[in-house]
Each structure stands twice: as structure tokens, then as C-alpha cells.
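All remarks here apply to the structure that follows.
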Amino acid sequence: MGRLTEAAAAGGGASAARSAGPPPTPLPLSATSPGTAATMASSEEDGSNGGASEAGEEREAAGKRRRRGWVATAWLTFYNIAMTAGWLVLAIAMVRFYMEKGTHKGLYRSIQKTLKFFQTFALLEIVHCLIGIVPTSVLVAGVQVSSRIFMVWLITHSIKPIQNEESVVLFLVAWTVTEITRYSFYTFSLLDHLPYFIKWARYTFFIILYPVGVAGELLTIYAALPYVKKTGMFSIRLPNKYNVSFDYYYFLLITMASYIPLFPQLYFHMLRQRRKVLHGEVIVEKDD
Ligand SMILES: CCCCCCCCCCCCC[C@@H](O)CC(=O)SCCNC(=O)CCNC(=O)[C@H](O)C(C)(C)COP(=O)(O)OP(=O)(O)OC[C@H]1O[C@@H](n2cnc3c(N)ncnc32)[C@H](O)[C@@H]1OP(=O)(O)O
């Protein structure tokens with residue numbers, strides 16, 4: 001028995017794809033699970049945004065605004081503009097620093113306040129999912145945001161000797177380009193004026209930036225290991241009155257290992273989103 005479903009594993013994305021034709025019959029939004037075979041059913045959109053598609057998009061956008069309510073829409077517009085601006089400020093600061101100093105040494109120190117502020121502010125993304133004003137999966141947003149918060153506060157902020165590692169620049173550049181694109185995508189979508197280039201960039205840059213960012217993060221954690229082992233930071237040794245022990249060194253090793261199952265899931269989720277949003281593909285799921 002075949003079942004037609006949207007491609008996203010965790011919900012979200014694809015307003016353009018959905019509006020390419022007449023409104024489809026409501027379909028279950030489900031992951032392609034074991035025991036099902038997924039095949040691409042159609043490819044509708046070429047990115048040129050024909051008149052019918054535009055009218056459909058406007059209707060859908062108006063529908064979304066009504067469902068979300070004006071307070072939530074206004075808040076999200078403010079939030080996305082603020083975040084786009086924040087990450088743009090960060091990008092300009094990084095370029096200026098490099099042009100003036102000609103080295104990456106001292107870069108993290110010079111931008112850390114802005115980075116901490118805007119990356120921590122992104123915790124609100126989990127709240128947005130929890131209260132239902134955006135349809136992103138709490139799990140997907142949670143993994144994405146918590147791994148960033150972890151990198152900012154528990155690694156780079158806490159372990160000063162690694163702040164000048166090249167790997168820090170790798171993830172900073174990957175995050176910054178990603179976030180400028182992502183938040184401007186949300187902003188323009190909310191304002192119903194999404195340029196095709198922004199949509200394309202949102203669902204294309206990640207192909208390179210995700211692996212670059214993850215490599216930067218993993219290499220930075222790796223560089224932190226000797227320091228963490230030597231100092232025993234954030235670790236709790238026995239004996240103590242609560243009879244608990246915690247070793248941050250092993251926690252870091254486990255965290256690094258957890259990228260192996262988690263990162264491909266996020267990456268393939270984004271690849272499916274890309275096929276759906278840029279090429280209008282839907283997936284036919286066939287139960288075995
Ligand atoms: C405590 C220790 C924890 C350690 C964990 C260790 C394991 C970690 C493994 C993974 C590591 C990831 C590392 C990461 O930090 C590396 C990088 O980021 S490198 C740089 C490249 N990164 C990316 O490209 C990030 C890509 N990710 C995303 O885009 C999103 O975060 C994601 C949620 C993953 C997926 O997005 P998706 O396209 O599926 O959905 P959206 O959320 O974009 O959209 C769904 C719909 O919701 C609407 N929406 C969402 N947010 C907003 C908003 N702020 N304002 C308005 N609307 C919003 C969006 O428009 C969609 O609406 P519609 O469906 O109607 O179109």
C-alpha cells in the first residue's frame with residue numbers, strides 16, 4: 001500500500017513547494033521509517049515562481065498569519081530581524097578584525113560578547129517550537145541549539161587556551177554565514193517578499209557549511225581534551241557527600257561520538273528539505 005507524505009523527517013519548511021499547485025489533500029507528515037520505501041513522486045518547481053505559484057504562496061502566507069495570530073507574527077518578525085542584524089554585526093566584526101590584524105589570533109576574544117549574546121538568544125527557538133508558533137520539531141531545534149550553546153559556553157568560553165585554534169574560526173564562519181541566510185529567509189518569508197536567491201542560499205549553503213561547521217566544532221573539542229584532562233575541570237570526584245562522580249573528559253568523548261549518529265540525521269533532514277523546497281518533490285512512501 002502506498003502513502004503520499006511530505007519529505008521532512010521532523011516537520012517544517014517548504015511553503016513554496018506546497019503552494020506550487022492547488023492545495024493538496026491533507027496528508028500525514030511522517031518520517032520515512034524503517035519498513036517503508038521512499039520514492040520521489042514529482043518535481044514541480046523550477047524556481048522561476050510563475051503567477052499561479054505566487055498567488056498560491058500569497059494565499060498560503062495569509063492563511064499562516066491568521067493561524068499564528070498577529071502577536072506571534074510580529075514577535076517572530078522582530079526576533080528574525082534582530083538575529084539577522086546580530087549575525088551581520090558579527091560577520092562585519094570578523095572581516096574587520098582579519099583585515100586589520102591579518103591573523104585569526106585574538107579574533108574570538110574580540111567578538112565573543114556578540115557571539116554569546118546572539119547564540120544564547122537562539123534558545124528562544126526551542127521555546128518557539130514548544131509553544132507552537134513555528135512548526136519545527138522540538139527535537140531537531142533542540143539538538144541544533146543545544147550543541148551550539150554547549151560549544152559557546154562549555155567549550156570556547158570556558159577553555160581559554162583553545163580560543164585561538166583555527167578550528168574556532170571554521171565553525172564561527174560556518175555559523176555566521178548560515179545564520180545570516182537562515183534568519184533573513186525567515187524574515188523575508190514572514191514579510192511575503194522572499195527573493196529566490198535567499199531561498200536557494202538557505203537550502204544550498206548548508207551542503208558545504210554543515211560539514212565545515214561540524215569539523216570546526218569537533219576539532220575544537222578535540223583540542224580541548226588535553227587541557228580538560230590535565231585540569232579536571234567540571235569534574236566531580238569521589239568520595240563526596242552525594243556519592244556521585246562526573247568526568248568532563250569522558251563527557252566530551254561521548255559528545256564527540258554523539259555527532260556520528262546525530263549529524264547525518266540533521267544533514268539528511270536538510271537535504272530532504274532542499275529537494276522539497278527547491279524542487280517541489282514529494283515522497284511516496286510504500287509500506288513493505
Ligand atoms: C549538551 C551537549 C549536546 C551535544 C549534542 C551533540 C550532537 C550534535 C550533532 C549535530 C551538530 C550540529 C552542529 C551545528 O552547530 C553545526 C552548524 O550549524 S554548521 C553551519 C551549518 N548549519 C546549518 O546549515 C544549520 C541548518 N539547520 C537549520 O536550518 C535548522 O536549524 C533546522 C531546525 C535543523 C532545520 O530547519 P528546517 O528547514 O527543517 O525547518 P525550519 O525550522 O527552518 O522551518 C520550519 C518551518 O518553521 C518556520 N520557522 C522556523 N523558525 C522560524 C522563525 N524563527 N521565524 C519564522 N518562521 C520560522 C519556517 O519558516 C518553516 O515554515 P513553513 O513550513 O511554513 O515554510
Side-chain angles (χ1 to χ4, degrees), residues 6-19 29 57 60-61 63-65 67-68 72-84 87 119 121-122 124-129 132-155 170-191 194 199 201-218 220-221 251-252 254-274 276-278:
E6 301 215 0
S15 51
R18 270 182 232 140
S19 62
L29 190 72
E57 268 174 30
E60 192 185 1
K64 265 184 207 159
R65 269 198 305 274
R67 279 195 299 278
R68 192 179 266 148
T73 303
W75 160 253
L76 284 176
T77 308
F78 166 78
Y79 173 80
N80 292 315
I81 291 174
M83 293 301 263
T84 310
W87 286 94
Q119 190 52 63
F121 205 44
L124 284 175
E125 254 149 72
I126 301 176
V127 178
H128 294 161
C129 303
I133 60 173
V134 302
T136 314
S137 140
V138 178
L139 196 69
V140 174
V143 171
Q144 176 71 50
V145 175
S146 60
S147 68
R148 295 273 194 93
I149 295 286
F150 167 75
M151 281 309 299
V152 167
W153 288 105
L154 297 180
I155 299 287
L170 272 190
F171 76 72
L172 283 180
V173 171
W175 291 8
T176 306
V177 177
T178 300
E179 300 306 41
I180 292 169
T181 321
R182 189 165 71 93
Y183 289 115
S184 48
F185 169 86
Y186 296 144
T187 306
F188 286 119
S189 300
L190 285 167
L191 299 174
L194 177 61
K199 183 162 83 171
R202 156 86 175 114
Y203 287 103
T204 303
F205 287 179
F206 80 90
I207 294 171
I208 300 290
L209 293 176
Y210 235 159
V212 169
V214 164
E217 293 174 26
L218 286 174
T220 305
I221 303 175
F251 175 80
L252 291 187
I254 292 167
T255 300
M256 288 174 81
S258 72
Y259 275 68
I260 297 169
L262 293 176
F263 170 59
Q265 292 196 40
L266 288 174
Y267 194 71
F268 286 112
H269 168 70
M270 290 302 290
L271 285 175
R272 279 192 296 269
Q273 291 293 80
R274 180 176 203 277
K276 195 168 67 159
V277 176
L278 296 186

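What you see is a predicted model, and the numbers here were worked out from it, not measured in a lab. Numbering of ligands and ligand atoms starts at 1, following listing order. Index from 1, following the sequence.
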Can you tell me if [atom1] on [X] sees more than 12 non-hydrogen neighbours from other groups inside 6.0 Å?
X	atom1	result
Leu124	CG	yes
Ile207	CD1	yes
Phe268	CZ	no

Report task. Kindly state whether the ring of Tyr186 and the ring of Tyr79 have centres lying under 6.0 angstrom apart. Result ->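 No; Tyr79 has its ring centre 6.0 Å or more from that of Tyr186.
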Quick one: does ligand 1 sit under 4.0 Å from the side chain of [X], the backbone, both or neither, non-hydrogen atoms only?
X	value
Tyr203	side chain
Val212	neither
Tyr210	both

**Report entry** Any Met151 heavy atom less than 4.0 Å from ligand 1
**Finding:**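 The answer is no: ligand 1 sits nowhere under 4.0 Å from a heavy atom of Met151.
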Query - Ala174 to ligand 1, any heavy atom closer than 4.0 Å - result: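 The answer is yes, since Ala174 has a heavy atom less than 4.0 Å from ligand 1.
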For [X], take its heavy atoms, then give the atoms of ligand 1 lying under 4.0 Å from any of them.
X	value
Leu262	7 (C), 9 (C)
Leu266	10 (C), 12 (C)
Gly213	19 (S)
Ser258	6 (C), 7 (C)
Thr136	33 (C), 41 (P), 42 (O), 44 (O), 45 (C), 47 (O), 50 (C)
Asn80	53 (C), 54 (N), 55 (N), 56 (C)

Report task. Verify side chain to side chain contact (heavy atoms under 4.5 Å, CB included) between Gln273 and His269, making sure each step is shown before the conclusion. Result -> CA-CA 6 Å; Gln273 291 293 80; His269 168 70; 3.9 Å; yes
**Report entry** Residue pair Arg202, Lys199: steps toward the side chain to side chain contact (heavy atoms under 4.5 Å, CB included) verdict
**Finding:** CA-CA 5 Å; Arg202 156 86 175 114; Lys199 183 162 83 171; 5.7 Å; no
Could you work out, for [atom], the closest of [options] by heavy-atom distance?
atom	options	answer
atom 57 (N) of ligand 1	Thr187, Val145, Leu124, Val134	Val134
atom 12 (C) of ligand 1	Pro135, Gly142, Ser147	Ser147
atom 43 (O) of ligand 1	Gln273, His269, Glu125, Arg202	Arg202

Report task. To the nearest 0.5 angstrom, please state how far the OG1 atom of Thr73 sits from the CZ atom of Phe78. Result ->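 Going from the OG1 atom of Thr73 to the CZ atom of Phe78 covers 15.0 Å.
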[X] N/O under 3.5 Å from ligand 1 N/O:
X	answer
Arg148	yes
Glu217	yes
Tyr183	no

Query raised in the report: Checking Ser147 side chain against Gln144 main chain: does a donor-acceptor pair fall under 3.5 Å?
Result: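 Yes.
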Report task. Determine, step by step, whether Val152 and Trp175 satisfy the side chain to side chain contact (heavy atoms under 4.5 Å, CB included) criterion, reporting the C-alpha distance in whole Å, the side-chain angles of both residues, the deciding distance to 0.1 Å, and the verdict. Result -> CA-CA 12 Å; Val152 167; Trp175 291 8; 3.6 Å; yes
Query raised in the report: Can we say Glu125 and Arg148 salt-bridge, meaning some charged N sits less than 4.0 Å from an Asp/Glu carboxylate O?
Result: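 Here Glu125 does not pair with Arg148 in a salt bridge, since their nearest N and O are not under 4.0 Å apart.
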Requested in this report: Could you tell me whether the side chain of Glu217 reaches within less than 4.5 Å of the side chain of Tyr259, counting heavy atoms only?
Outcome: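 Touching, per the 4.5 Å side-chain cut-off.
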